[in-house]
Chemist: 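Quick one: the structure is below, questions incoming.
Numbers restart at 1 for each chain; the letters A, B, ... are given by sequence-line order, proteins then strands. Keep in mind that what you see is a predicted model, and the values were worked out from it rather than measured.
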There are 2 protein chains.
Amino acid sequence: MYKSPATLSDIARQLNISISTVSRALHDHPAISKNTKTKVIQLAKKLNYQPNMLALNLLNKKTNTIGIIVPEITSYYFSSVIHGIQDLFSNTGYHLIISQSEESFKKEKSILEAMAKIRVDGLLISPTSKTKSSGHFNKLINDGIPIVLFDRDCPGFSADKVLVDDYDGAFQAVEYLIRTGCRRIAHISAPPNLSISMHRLNGYLDALKKHQISMDEKLIFKVSGFTPEHGVKAAKQMLEMAELPDAVFAFNDGIAIGAMYVLKGAGIQIPNQISVVGFDDEPHSSYFIPPLTSVWQPVYDMGLLSARILLSKLTDKSQKESFRDEMLKPELIVRESSKKLL
Amino acid sequence: MYKSPATLSDIARQLNISISTVSRALHDHPAISKNTKTKVIQLAKKLNYQPNMLALNLLNKKTNTIGIIVPEITSYYFSSVIHGIQDLFSNTGYHLIISQSEESFKKEKSILEAMAKIRVDGLLISPTSKTKSSGHFNKLINDGIPIVLFDRDCPGFSADKVLVDDYDGAFQAVEYLIRTGCRRIAHISAPPNLSISMHRLNGYLDALKKHQISMDEKLIFKVSGFTPEHGVKAAKQMLEMAELPDAVFAFNDGIAIGAMYVLKGAGIQIPNQISVVGFDDEPHSSYFIPPLTSVWQPVYDMGLLSARILLSKLTDKSQKESFRDEMLKPELIVRESSKKLL
DNA sequence: CTGTTAGCGCTTTCAA
DNA sequence: TTGAAAGCGCTAACAG
């Protein structure tokens, strides 16, 4: 059917020399006559010889493959991180295998097993919101497969980590709201088993505390996910309160957008009656009316840095045993959704 | 440092039997005594034996790897297709390698070369907007690597294709606008070398023609990309026209959103003065005010179907030589951005 | 029922 | 400067 690709022995046979000579000729080995070398190289080009990676992989016990596990790929957030990772690994000879855990711990475990089976050389992981233990991670570590965690932490698991300072981002956002005169600041919070969820909540609480604003339980809306629908739900509850908040700090842009939709629909002036602030700064957020104030995160850089750390582990196997713990800084992007007219 | 994984010969040595016996025991081979079989299986479990995929790959000349090439991963559109592809290939033993061409023909070619080098078993490709020839594709085809094209066509290239009927989607959208009373319908069109761009433009033109509305060159805004910024640009030009259009049909939601932002900012009533319709139906589109009318596409299903076609090629090598040419139907989702008050 | 052998494509000693 | 041989881990044909 299809002619199978040329091998070293094909070249050797045609030239009546040994396989090892051919191999040497193709690798700039010093001990080889100029004559045979050129002959080999010519024929190799003619036959369109490509080294068989499968054979090399077996020989080197390396797959040149990096595994990536994210909760989902269809979000601006994770796809941007992946973009950063890809950019760093391009031209390194490594290729990337991407899987989605879909926030399922069971799925995370089975993906991890599959990755172990195909013997990836290293892993970049953002754990699910359900992940509490790290036994499944450690199993791979014990096999000598390095893991770098990004975005989401898994407390108790020692590894290289690249996280964003969510606490600081939330603190910045809420302190800014206070500075613009808000006092009854609501927070729409995501599931508490997610570390970043707690960090943002704590940033919110501490900013209030710093400015001596007493925390009001009723102003904290806990929702079970991160989509606009969840924001819708929270905002509807909000509308039933005796006294409305004067600002909403949402866990992320998706929630903020859903909330803003409901509030505007109810005739509430944004930002004059209620300021709205999101988190993640998704590209379309600035096209809402009013454009959404949000906490920007260095997502692409997070991918780049995680990848760089993993690559250095892979390249320099003798690396010191200590783990890197990087904390990237987010940045508040102020837009109209929070600029109250004074 | 790390103990290397157990091999067949490890088991064989410890049990004082031959490697092939071990192999047979682990593969339910009929010719094997119950006794040795259980012994082998026990020890294998104890040693946590995992077949070495690298060796198997070399033996079978298969990598169990599928390559995916998309223009970008950070869009709802392509990440959803990928999601569909992943769901179909999960539990098939294949794993996926994803690369971005970033709309660069040169990059597409180099990715293709890399994919050939690592010997992927098959490829799923959505070509760049610059791709005009198919020589680089055919090179892989000649190596026996099947390719399935999705979303974007590459005219002149014979292969399995899974496309969406963009013409029909555009036609539906524009005919709907006409039915709601619009007569001066503008179109914001993407780069013409992109096949889907032309199909949507043609759908627009034919809908006008069918309803005897003469086409007005000035109402067709050609932009160089697909982001909200491009919509902003077009809308600003629009605002300088002597007579405004009464509707805008944008190439996609991104453009529509950018345009809507500018139009609303200029005090124009949407939909009463200008109806706005997008394409792709991104999840956040329904949270704009007014919520955006858009042409929904079966993106997830497109991924599923492309993957299914590729898988069947891979499984049944003796497949007939004919190519499948699937055309999925889009669907107009009507929301407030186009419901004029009569 | 089990062992021996060859081979997938390549690199790398060791000899010549 | 070149060749022969071993081995990476596994399967399968062929003998026993």
Chemist: So which protein nitrogen or oxygen atoms get under 3.5 Å of nucleotides 11-14 of chain C's nitrogens or oxygens?
Modeler:
residue : atom : partner : partner atom : Å
C:dT11  : OP1  : A:H27   : NE2          : 2.9
C:dT11  : OP2  : A:S23   : OG           : 2.9

Chemist: Is atom NZ of A:K139 surrounded by more than 12 heavy atoms (other residues, nucleotides or ligands) closer than 6.0 Å?
Modeler: no
Chemist: Without decimals, in angstroms, what is the distance between B:I11 CD1 and D:dC10 C1'?
Modeler: 12 Å
Chemist: May I have the distance from B:M53 (atom CE) to D:dG9 (atom C1'), rounded to whole angstrom?
Modeler: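 Result: 13 Å.
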Chemist: Roughly how many Å is it from NZ in B:K62 to P in C:dG9, rounded to a whole number?
Modeler: 16 Å
Chemist: Send over the distance from B:N57 CG to D:dC8 P, rounded to a whole Å.
Modeler: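 Checked: the CG to P distance equals 18 Å.
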Chemist: Quick one about B:T131 and B:T128 (side-chain donor to acceptor, distance below 3.5 Å, no hydrogens or angles considered), yes or no?
Modeler: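 B:T128 vs B:T131: donor-acceptor pair found between side chains.
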Chemist: Please give, in whole Å, the distance from C:dC1 P to B:K39 NZ?
Modeler: 14 Å
Chemist: For B:K37 and B:L58, find the nucleotide of DNA chain C closest to each by heavy atoms; which residue's nucleotide sits nearer the 5' end?
Modeler: B:K37
Chemist: Does B:V148 offer a backbone N or O that forms a donor-acceptor pair with the side chain of B:D160 under 3.5 Å?
Modeler: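 Answer holds: no.
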Chemist: Should B:T36 be listed as having a side-chain N or O under 4.0 Å from OP1 or OP2 of C:dC1?
Modeler: no
Chemist: Round to the nearest Å and state the distance from B:L54 atom CG to D:dC10 atom P.
Modeler: 10 Å
Chemist: Does the plane of the ring in B:F157 sit parallel, tilted or perpendicular to the ring in B:F137? Use 30° and 60° as the thresholds.
Modeler: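 Correct class here is tilted.
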Chemist: Rounded to whole Å, please give me the gap between CG in A:N52 and C1' in C:dG7.
Modeler: 14 Å
Chemist: Side chain of A:T21 only, heavy atoms from C-beta on: which candidate in C:dC1, D:dG3, D:dG9 is closest?
Modeler: D:dG3
Chemist: Among C:dT2, D:dC10, D:dT1, which nucleotide has an atom closest to any side-chain atom of A:A31?
Modeler: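 Comparing C:dT2, D:dC10, D:dT1 against the side chain of A:A31, the answer is D:dT1.
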Chemist: With the side chain of A:S18 defined as its heavy atoms from C-beta on, choose the nearest nucleotide among C:dT2, C:dG9, D:dA4.
Modeler: D:dA4
Chemist: Which is more 5' along DNA chain C, the nucleotide nearest B:K61 or the one nearest B:P30? Just name the residue.
Modeler: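 Per heavy-atom nearest nucleotide, the more 5' residue is B:P30.
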Chemist: Could you tell me whether a side-chain N or O of A:N193 sits under 3.5 Å from a main-chain N or O of A:S129, the two making a donor and an acceptor?
Modeler: yes
Chemist: Kindly compute the distance separating OH (B:Y94) from OG1 (B:T63), expressed to the nearest 0.5 Å.
Modeler: 8.5 Å
Chemist: Side chains of residues 8-15 of chain B: which donor-acceptor partners sit under 3.5 Å, not counting sequence neighbours?
Modeler:
residue : atom : partner : partner atom : Å
B:S9    : OG   : B:T7    : OG1          : 3.2
B:D10   : OD1  : B:R13   : NH2          : 3.1
B:D10   : OD2  : B:T7    : N            : 2.8
B:D10   : OD2  : B:T7    : OG1          : 3.4

Chemist: In whole Å, what is the span from the CG atom of A:L15 to the C1' atom of D:dT1?
Modeler: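 It works out to 15 Å between those atoms.
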